[in-house]
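Reviewing the structure listed below.
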Amino acid sequence: MKRITLLIILAGTLISSCNGKEENKEQKVETVKTENKMKTIHLTKAEFLAKVANYKTNPAEWKYLGDKPALIDFYADWCGPCKAIAPTLEELAAEYDEQIYIYKINTEQEQELAAAFGIRSIPSLLFVPMDGQPQMSAGAMSKPQLKEAIDKVLLKK
């Protein structure tokens, strides 16, 4: 009798632990779905020339190549204000998912791009609207300031 009771308890524990694993799978699926939102995109020089502007073939005129407005963050890994603004840019990339791109360019690795845009302090943010000239902003901005600039300069709201 004790063996039967022990087997029933063991079977119940095994069944309940299997159900626990199914819940974990469902939780992972939900997590993956929420993480599919747009994130910031790191660019190399070659990617910049293909996706943003090819200043080598057209040095006299700014011609944006993207299909939606962009915010480009010129940063460095050692820069404190760059590290401070990074989570805000990730949040904004998710919030403005289908409306804008948020690119990041590491000025240590892409020195030619930094020189081409005259980057002297970081973070420097380049706002690239679909029409018109891009606008550069030096220094970190708060999230409300960034949202206002995105709405006015990039989305023309």
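Smallest separation of non-hydrogen atoms from Met130 and Gly66: CE-O, 3.5 Å. Scanning all heavy atoms of the two residues, the minimum distance from Trp62 to Gly132 falls at CD1-O, 4.2 Å. Closest non-hydrogen pair, Asn54 versus Leu49, comes out as CB-O, 3.6 Å. The two residues Glu95 and Gln99 have their closest heavy-atom pair at O-NE2, 4.4 Å. Residue Pro134 comes nearest to Val128 through the heavy atom pair CB-CG2, 4.2 Å, listed as atom of the first residue, atom of the second, then distance.
Taken to the nearest 0.5 Å, the CZ atom of Phe127 stands 5.5 Å off from the OG atom of Ser137. Rounding to the nearest 0.5 Å places CG of Leu146 at 11.0 Å from CG of Asp151. To the nearest 0.5 Å, atoms OG1 (Thr88) and NZ (Lys147) are separated by 11.0 Å. We find the CD-CZ distance between Glu112 and Phe48 to be 11.0 Å, quoted to the nearest 0.5 Å. The structure places OG1 of Thr44 at 3.5 Å from CD of Glu47, a figure rounded to the nearest 0.5 Å.
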Only pairs under 3.5 Å count here: list side-chain donor-acceptor contacts from residues 69-84, not counting sequence neighbours, and write none if there are none.
| unit_1 | atom_1 | unit_2 | atom_2 | d |
| --- | --- | --- | --- | --- |
| Asp73 | OD2 | Lys104 | NZ | 2.8 |
| Tyr75 | OH | His42 | ND1 | 3.2 |
| Trp78 | NE1 | Glu108 | OE2 | 3.2 |

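No more than 12 heavy atoms of other residues, nucleotides or ligands lie within 6.0 Å of CG in Asp131, so this atom counts as exposed by the packing criterion. Shown here is Lys156, whose NZ atom has more than 12 heavy atoms of other residues, nucleotides or ligands within 6.0 Å.
Gln109 places no side-chain N or O within donor-acceptor distance of the main-chain N or O of Asn106, the cut-off being under 3.5 Å. Although no hydrogens or angles enter the test, the distance criterion places no donor-acceptor pair under 3.5 Å between the side chain of Glu110 and the main chain of Thr107.
Side-chain atoms of Thr40 and Tyr103, non-hydrogen and from C-beta on, never get closer than 4.5 Å to each other. The closest side-chain heavy-atom distance from Lys51 to Leu43 is below 4.5 Å. Contact check for Tyr101 versus Leu154: no side-chain heavy atoms found under the 4.5 Å cut-off. Using a 4.5 Å cut-off on side-chain heavy atoms (C-beta onward), Met136 and Leu125 make no contact. The shortest side-chain heavy-atom distance between Leu92 and Ile150 falls under the 4.5 Å cut-off.
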Residue pair Ile105, Ile119: steps toward the side-chain contact (heavy atoms from CB on, under 4.5 Å) verdict: CA-CA 11 Å; Ile105 296 175; Ile119 303 299; over 6 Å; no

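Here Glu91 does not pair with Lys39 in a salt bridge; the nearest charged N to carboxylate O distance is not below 4.0 Å.
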